[in-house]
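Notes follow once the structure below has been shown.
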Number of protein chains: 2
Amino acid sequence: MNVQDANSTAELSTPRRGKREQIVQAAVKTFLEHGYAGTSMNKVAEAAGVIKATIYSHFKDKQQLFIAIIEEMTIKKVAIDFTNPEPILSLEPDEFIDVLTGKFCVLMQDPEYHALFRLLVGESERFPELAEIYVRTVILRGMGLASKYFEVHKELNIEDPQAMAHICAGSFISLMVWQQVLGGKNIMTLEVGRVRETLKALLRGQRQP
Amino acid sequence: MNVQDANSTAELSTPRRGKREQIVQAAVKTFLEHGYAGTSMNKVAEAAGVIKATIYSHFKDKQQLFIAIIEEMTIKKVAIDFTNPEPILSLEPDEFIDVLTGKFCVLMQDPEYHALFRLLVGESERFPELAEIYVRTVILRGMGLASKYFEVHKELNIEDPQAMAHICAGSFISLMVWQQVLGGKNIMTLEVGRVRETLKALLRGQRQP
DNA sequence: GTCTATATCTAGATAGAC
DNA sequence: GTCTATCTAGATATAGAC
């Protein structure tokens with residue numbers, strides 16, 4: 001019954017990536033969709049097209065599978081968002097806000113990111129290590145970048161660059177939370193562009209020529 | 001065996017509030033601690049000191065119990081935070097930010113609120129009605145108040161009061177999320193006061209005397 | 001490593017006596 | 001409404017053949 005055994009070379013419905021990779025992909029999908037407690041090893045096995053025992057030969061138990069999956073995902077998402085360390089520091093303030101907004105819009109349109117956020121927040125008390133990885137790699141890194149900008153650009157007269165970076169980041173991310181994560185985009189109609197322009201105006205106000 | 005029957009009048013370990021109230025309190029505690037899927041009717045029954053069947057005589061099933069509990073909790077939390085509609089509109093900008101900050105600090109120090117937030121976010125895809133109630137009653141109401149302030153205070157030259165209100169609220173709430181909900185207060189050391197003062201500075205910059 | 005088969009437990013939910 | 005008792009399904013996890 002199992003035609004695709006061991007080392008067949010060619011094209012198959014779920015191609016030759018090894019069972020482990022199949023399990024990982026299925027686990028990502030299932031955990032993101034149903035949460036930790038809502039995901040059963042049966043569901044994962046079924047979605048992966050393997051038998052349950054196979055999962056246990058690759059991962060010690062459900063917890064370890066979950067941690068491995070989410071940790072990897074969190075780090076992967078960051079890699080996408082923070083690569084190309086373009087010469088951001090040399091931008092004009094308006095351009096800088098535009099770039100920030102652009103990076104944010106990527107997150108805003110990524111349902112997988114929203115699901116990851118739901119999961120990290122929902123499980124943050126039971127899996128604090130994962131929440132910490134997220135804060136470290138996503139939040140602190142993103143804020144560090146913006147913070148550096150406000151620190152360097154003395155003409156903007158920002159007394160507390162870190163707090164200012166937090167205000168920018170917080171404005172955008174909270175918009176994502178209300179509209180996409182919590183699904184309130186129909187009852188809370190505030191466009192990203194309006195936040196962007198208001199931030200620009202605030203920065204102009206600080207400027208002393 | 002059940003000494004505290006029907007209409008006894010006096011002091012008992014879990015006093016005379018009726019089984020329903022016992023169930024509600026136990027359910028709140030258990031759901032907040034273990035999440036929806038992580039909570040079993042057995043756990044709730046045990047925590048409430050009743051037998052499982054008793055729960056089913058008050059609530060149709062687990063979903064209905066969950067919805068009833070969370071809906072009530074969400075609304076109750078708002079009641080606390082938005083009562084006393086003090087004459088906020090007549091405050092000076094700095095005072096206004098101080099009041100906002102004060103209200104926010106209450107949330108910042110309320111572990112039950114953080115747990116509720118975790119639950120609402122974590123279950124927002126499976127219980128969108130609850131997420132919507134939260135956005136409507138907490139977020140939109142809070143922002144509406146701030147938005148009105150910026151609308152009225154023309155001297156602040158805020159072109160988009162709604163966006164500005166969102167920036168203020170988003171700065172504060174995202175701080176709560178990183179530090180309390182996700183537990184990152186040790187790796188992300190930004191005090192509320194610094195955000196508060198930076199917001200004040202930004203408003204001063206907009207002002208045209 | 002991968003499967004078959006199974007052990008063990010706990011889940012949500014209900015029937016029926018009182 | 002509340003309890004005892006129980007049904008049935010599905011959970012995590014493993015033993016043992018290949």
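Judged by a 6.0 Å distance limit and a 45° cone about the ring axis, B/Lys62 is positioned over the six-membered ring of B/Tyr36.
The B/Ile51 side chain lies nearest to D/dC3 when the options are C/dG1, C/dC3, D/dC3. Listed candidates were D/dT12, C/dG12, C/dT4. Nearest to the side chain of A/Ser40 is D/dT12.
Atom CD1 of A/Ile23 and atom C1' of C/dT2 are 10 Å apart (whole Å). A/Phe59 places its CZ atom 14 Å from the C1' atom of C/dG1, with the value rounded to the nearest Å. Rounded to an integer number of Å, the gap from A/Leu65 CG to D/dT12 P is 11 Å. Rounded to a whole Å, the CD atom of B/Glu21 is 13 Å from the P atom of D/dT2. As rounded to whole Å, 11 Å separates atom P of D/dC3 from atom CD1 of B/Ile55.
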Let me have the donor-acceptor pairs involving side chains of residues 105-112 of chain B, under 3.5 Å, with sequence neighbours excluded, atom names and distances please.
unit_1   : atom_1 : unit_2   : atom_2 : d
B/Asp110 : OD1    : B/Glu112 : N      : 3.0
B/Asp110 : OD1    : B/Tyr113 : N      : 3.3
B/Asp110 : OD2    : B/Lys77  : NZ     : 2.7
B/Glu112 : OE1    : B/Lys77  : NZ     : 3.1

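Applying the 4.0 Å criterion to OP1 and OP2 of D/dG10, one finds that A/Lys43 has every side-chain N and O outside that range. Using a 4.0 Å cut-off, no side-chain N or O of A/Thr54 falls inside it from OP1 or OP2 of C/dG1.
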Study note, to complete from the structure: Heavy-atom contacts, protein to nucleotides 13-18 of chain C, under 4.0 Å, summarised as B (base), S (sugar-phosphate only) or - (none) per nt, yield BBB---
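A salt bridge links B/Glu123 with B/Arg126: the closest approach of a Lys/Arg side-chain nitrogen to an acidic carboxylate oxygen falls below 4.0 angstrom. Taking a cutoff of 4.0 Å between a charged side-chain nitrogen and a carboxylate oxygen, B/Glu197 and B/Arg194 do not qualify as a salt bridge.
Between A/Tyr149 and A/Leu156 there is a side-chain heavy-atom pair separated by less than 4.5 Å. Annotation: side chain of B/Leu119 is in contact with side chain of B/Phe66 (closest heavy-atom distance under 4.5 Å).
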